[in-house]
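Order of the sequence lines fixes the chain letters, A, B, ..., with proteins taken first and strands second; residue numbering starts at 1 for each chain. Please read all numbers here as calculations on a predicted model, not as lab measurements.
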Amino acid sequence: MSATALRTHRAGELSRAHLGQAVRLGGWVHRRRDLGGLVFIDLRDRAGLVQLSCNPDWTPPAVMERAASAGAETVVLVTGTVALRPEPARDRELASREIEVHVTDLEIAGPAQTPAISVARKDKEELAAEELRLRHRVLDLRRPELQQNLILRHRLLQRARRTLTELEFLEIETPILTKPTPEGARDYLVPSRVHPGEFYALPQSPQIYKQLLMVAGYDRYFQIARCFRDEDLRADRQPEFTQIDLEASFVSAEDIQQVVERILVDLWAEAGVAVARPFPRLAWRDAMERYGIDKPDLRYGYEIRDLTPLLGGDAAPFLADVRTAGGRVRGLVVPGGAALTRKDLDALAASAKEAKAGGLIWARRGSGAWEGQGVKAAGQILLDALGGREGDLLLAVAGPDAVTSPALHAVRTALTRRPDVQPTQAHAFTWILEFPLFELDPATNQQVPAHHPFTAPHPADRDMLERAPGQARALHYDAVYNGNELGSGSIRITEPALQRRIFELLGMSEAEIRRRFGFLLDGLAAGAPPHGGFALGFDRIAMLLSGATSLRDVIAFPKTTTARALFEGAPTPVSADDLLSLHLKRAEE
RNA sequence: GGGGCUGUAGCUCAGCUUGGUUAGAGUGCCGCACUGUCACUGCGGAGGUCGCGGGUUCGAGCCCCGUCAGCCCCGCCA
């Protein structure tokens, strides 16, 4: 399969099975070892490395000379014979260790300047600075690690396509030049040349299109969709990213979860990891109560408990104050945690304070005696009530849930990162169900959709929409893996009247609803089947499965944290003529 | 929008704490030698606007201010 007009094999494919065969290879000079009379070259291609052996016994003088002069990263075309290496010289490092290629001809096909960053790193040689790696991206992409990441990414994409196709999903593309929609993030806008003053937007997701495909009767849709959001970036966030986007008709939330579980199990299998189904399910409220976060890492224990009812009348006065103010005291038990040093405790307290907690209360039981801070009186009662044993540590935070949840999540995360802490399982998937339909935007004190405005309310909470919208649950579910949100989905609103009412609750006028979402409402009015769907963050999945720590290591040409492309140099200023033809004028400062 | 870290040879870094002779190391690069190496080895050599601008000082890689770039985090990302 790898044979072409110019080569018979890939270098990395050669093995003992090819002994004695005449081969022709094309690849890059990874390393060269010139012993004077002998020259060895490690030849690299996407399949791996093979050693080329140039020896006057089988290599003509002119070829010896060319081999000796081929610098790192030069592209060479090689003719030779696969041979067994001399016994003591067999290298255990290379996949093709037992064999080498006796070179009879070698041409320089693509001379290379001395590489600005090294592709063939020595043992322990540090990676070049990321800025240089991005600037010289072709060289960085030659590194076997990045090649492995992108090869795995390819296999994951193909596996997702195969699974979805087996499940009778149709891959349908949707527009990239689309209509600005008031989703959460800022849009990337594209000016129209033929319509002065008008703009397309790049899609933040194909959300409305996929719902309209359901209305159009396509039943099950998927797309490996590129999405664009003009927001500030992180290690796990790029301005353009890829989702495995899907939608299906005549389904319940459970149906969608089955499909997503199947995809995730197949993707993890593709990466060599077996995971069991079904995934555990956790209501959003319970996740917040037990872990303080809507994407808990279930590889670890340290569940959060409500200590408020356990506090007797002798509780410290400030705890009583918290209680009367409607807050609670919540905490967790660290088995064996009494061994933590004062410095460890200070570090944990710092993470709680960074999450805006007033402070971290602790109590520990050493050999018989109780020590503590803030809850001296209550510590023993609490630990006893929680089943804490000698050597255990109690950590607690007081205040409203909005304070204690993030603080205890931060404490719990800090605990799990301690080197002596072992996860109880390697791969912990979970579903988070029944998210709230709305949440309060702290900046504007306005009701905003927790997910997006097309999410259906929970049928049991339908009457709460008017009475207490903040209490209403949604048919919205997230897939969570080891504390990472992999994706999000929901059952959608299909009644035009209800969809209209949701828009109103979000503060939109009739005219605004018409202008922004008229095409969706018209679609729903055309006979909409019940439907719902999901979107998986594919880059993040590829990152987790390849063991990378940044999305940039699973994307061929990524952007920097300021959304710049250092390799090709985008964005870039355009000429006055270009602006003019787009009817644009640069705003004066 | 805010906070933090980093920026010295092609690359990776030391030097900065406490300002003072000619800014070092490893690697890469160039030259010479070398017939079984595999991080080849040995000898020799070239290579620096110390990110950029300004300031303090007799004197700045080092101190101060500003700025640019990369990375990490908060806000933001339905």
Side-chain angles (χ1 to χ4, degrees), chain A residues 30-43 49-59 64 68-69 71-73 83 85-94 96-97 100 102 113-136 139-140 181-187 204-205 207-208 227-239 241 351 354-356 406 410 435-439 441-443 447-455 474 476 478 485 488-490 502 506 535 537 549-550 552 559-562 564 566:
Chain A
H30 191 65
R31 257 193 275 272
R32 188 188 63 225
R33 293 174 293 279
D34 182 351
L35 274 61
L38 299 176
V39 177
F40 297 97
I41 289 174
D42 294 337
L43 186 73
L49 297 170
V50 74
Q51 173 167 280
L52 306 178
S53 172
C54 304
N55 183 315
D57 292 350
W58 51 74
T59 310
M64 287 298 297
S69 73
E73 299 308 312
R85 290 195 187 190
E87 184 71 43
R90 288 179 198 166
D91 176 13
R92 281 181 297 273
E93 295 300 310
L94 300 182
S96 49
R97 59 191 174 281
E100 63 186 4
H102 288 183
Q113 293 175 333
T114 300
I117 59 175
S118 58
V119 176
R121 282 184 303 148
K122 305 208 164 195
D123 291 352
K124 289 181 221 157
E125 182 179 339
E126 294 287 340
L127 222 45
E130 184 144 22
E131 183 177 353
L132 293 166
R133 291 175 46 206
L134 292 172
R135 214 173 278 287
H136 305 285
L139 291 175
D140 201 38
T181 54
E183 289 164 320
R186 286 183 204 94
D187 284 316
Q204 297 182 27
S205 79
Q207 180 62 33
I208 294 179
C227 305
F228 306 84
R229 292 178 194 174
D230 187 5
E231 293 291 344
D232 290 341
L233 307 177
R234 291 283 191 283
D236 63 349
R237 242 192 264 163
Q238 282 274 305
F241 58 98
S351 41
E354 203 175 326
K356 304 287 191 294
F435 275 74
L437 189 59
F438 301 108
E439 57 194 22
D441 182 345
Q447 206 88 250
V448 295
H451 183 39
H452 57 49
F454 320 117
T455 302
H476 163 197
D478 276 9
E485 182 197 320
S488 193
S490 64
I502 295 285
L506 295 172
T549 52
S550 161
R552 294 182 295 273
K559 307 272 189 293
T560 68
T561 46
T562 57
R564 259 186 201 287
L566 296 182

Peer 1: Between G3(B) atom P and Glu354(A) atom CD, what is the distance in whole Å?
Peer 2: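 Spelled out: CD on Glu354(A) to P on G3(B) is 15 Å.
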Peer 1: Identify, with sequence neighbours excluded, every residue that meets salt bridge (Lys or Arg N to Asp or Glu O under 4.0 Å) alongside Arg133(A).
Peer 2: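 With sequence neighbours excluded, Arg133(A) shows a salt bridge (Lys or Arg N to Asp or Glu O under 4.0 Å) to Asp140(A), Asp553(A), given in chain and number order.
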Peer 1: Identify whether any heavy atom of Ser53(A) sits under 4.0 Å from a base atom; if not, whether one sits that close to sugar-phosphate; answer base, sugar-phosphate or nothing.
Peer 2: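 Result for Ser53(A) = base.
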Peer 1: Reckon Arg552(A) touches a base, only the sugar-phosphate, or nothing at all at heavy-atom distances under 4.0 Å?
Peer 2: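 Sugar-phosphate, backbone atoms only, no base.
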Peer 1: Taking the side chain of Asp232(A) as heavy atoms from C-beta outward, which of G70(B), G36(B), C76(B) is closest to it?
Peer 2: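 The answer is C76(B), which lies nearest to the side chain.
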Peer 1: Any strand is fair game: report the nucleotide pairing with C5(B) by Watson-Crick or G-U wobble, both distances under 3.5 Å, or none.
Peer 2: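 Its partner is G70(B).
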Peer 1: Protein-nucleotides 8-15 of chain B N/O pairs closer than 3.5 Å?
Peer 2:
unit_1	atom_1	unit_2	atom_2	d
G10(B)	O2'	Ala116(A)	O	3.0
U12(B)	OP1	Ala129(A)	N	2.5

Peer 1: Can a donor-acceptor pair under 3.5 Å be found between the side-chain atoms of Arg237(A) and the base atoms of C76(B)?
Peer 2: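 Side chain to base: pair present.
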Peer 1: Could you tell me which nucleotide pairs with G26(B) by Watson-Crick or G-U wobble geometry, both distances under 3.5 Å, or answer none if nothing does?
Peer 2: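 With both distances under 3.5 Å, G26(B) matches C11(B).
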Peer 1: Taking only the side-chain nitrogens and oxygens of Arg33(A), find out if one of them lies under 4.0 Å from OP1 or OP2 of U37(B).
Peer 2: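 Looking at the OP1 and OP2 atoms of U37(B), neither is under 4.0 Å from any side-chain N or O of Arg33(A).
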Peer 1: Among C29(B), G36(B), C76(B), which is the nearest nucleotide to the side chain of Thr114(A)?
Peer 2: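 Comparing C29(B), G36(B), C76(B) against the side chain of Thr114(A), the answer is C29(B).
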Peer 1: Are any of the side-chain nitrogens in Arg229(A) or Asp187(A) under 4.0 Å away from the carboxylate oxygens of its partner?
Peer 2: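 Between Asp187(A) and Arg229(A) there is no salt bridge, as every charged N stays at least 4.0 Å from the carboxylate O atoms.
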Peer 1: Is there any protein nitrogen or oxygen under 3.5 Å from a nitrogen or oxygen in nucleotides 49-51 of chain B, and what are the pairs?
Peer 2:
none

Peer 1: Is Thr560(A) near enough to G70(B) that one of its side-chain N or O atoms lies under 4.0 angstrom from OP1 or OP2?
Peer 2: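 Checking Thr560(A) against G70(B): at least one side-chain N or O falls below 4.0 Å of OP1 or OP2.
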Peer 1: Would you please confirm or rule out a distance under 4.0 Å between OP1 or OP2 of C74(B) and any side-chain N or O of Arg234(A)?
Peer 2: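 Indeed, a polar side-chain atom of Arg234(A) lies that close.
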Peer 1: Check the distance between C76(B)'s P and Asp236(A)'s CG and give it to me in whole angstrom.
Peer 2: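 Taking atom P of C76(B) as the reference, CG of Asp236(A) is at 16 Å.
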Peer 1: With Asp232(A), which residues qualify under salt bridge (Lys or Arg N to Asp or Glu O under 4.0 Å), at least two apart?
Peer 2: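 Result, salt bridge (Lys or Arg N to Asp or Glu O under 4.0 Å) vs Asp232(A): none returned.
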Peer 1: Can you tabulate the close N/O pairs, meaning under 3.5 Å, that link protein atoms to atoms of nucleotides 46-48 of chain B?
Peer 2:
none

Peer 1: Between Arg564(A) and C68(B), is there a contact of a side-chain N or O with OP1 or OP2 at under 4.0 Å?
Peer 2: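 No, outside the criterion.
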Peer 1: Determine which nucleotide pairs with G19(B), using a 3.5 Å limit on both distances of a Watson-Crick or G-U wobble pair.
Peer 2: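 Pairing partner: none.
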Peer 1: Distance check needed: G70(B) P versus Glu131(A) CD, whole Å only.
Peer 2: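 That distance rounds to 6 Å.
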Peer 1: Indicate, with a heavy-atom threshold strictly under 4.0 Å, whether Ala72(A) touches base, sugar-phosphate, or nothing.
Peer 2: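 Counting heavy atoms under 4.0 Å across all strands, no contact is made by Ala72(A).
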Peer 1: Is it true that atom CD of Glu231(A) has more than 12 heavy atoms of other residues, nucleotides or ligands lying nearer than 6.0 Å?
Peer 2: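 Counting other residues, nucleotides and ligands, CD of Glu231(A) exceeds 12 neighbours.
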Peer 1: Can you measure from CZ (Phe241(A)) to CG (Leu233(A)) and round to the nearest 0.5 angstrom?
Peer 2: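 Separation between the atoms: 11.0 Å.
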Peer 1: Of the options C76(B), C72(B), G70(B), whose atoms approach the side-chain atoms of Glu231(A) most closely?
Peer 2: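 The listed nucleotide nearest to Glu231(A)'s side chain is C76(B).
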Peer 1: Restricting both atoms to N or O, compile the protein contacts to nucleotides 32-35 of chain B shorter than 3.5 Å, with distance only.
Peer 2:
unit_1	atom_1	unit_2	atom_2	d
C34(B)	N3	Asp34(A)	O	3.4
C34(B)	N3	Gly36(A)	N	3.3
U35(B)	OP2	Gly37(A)	N	3.0

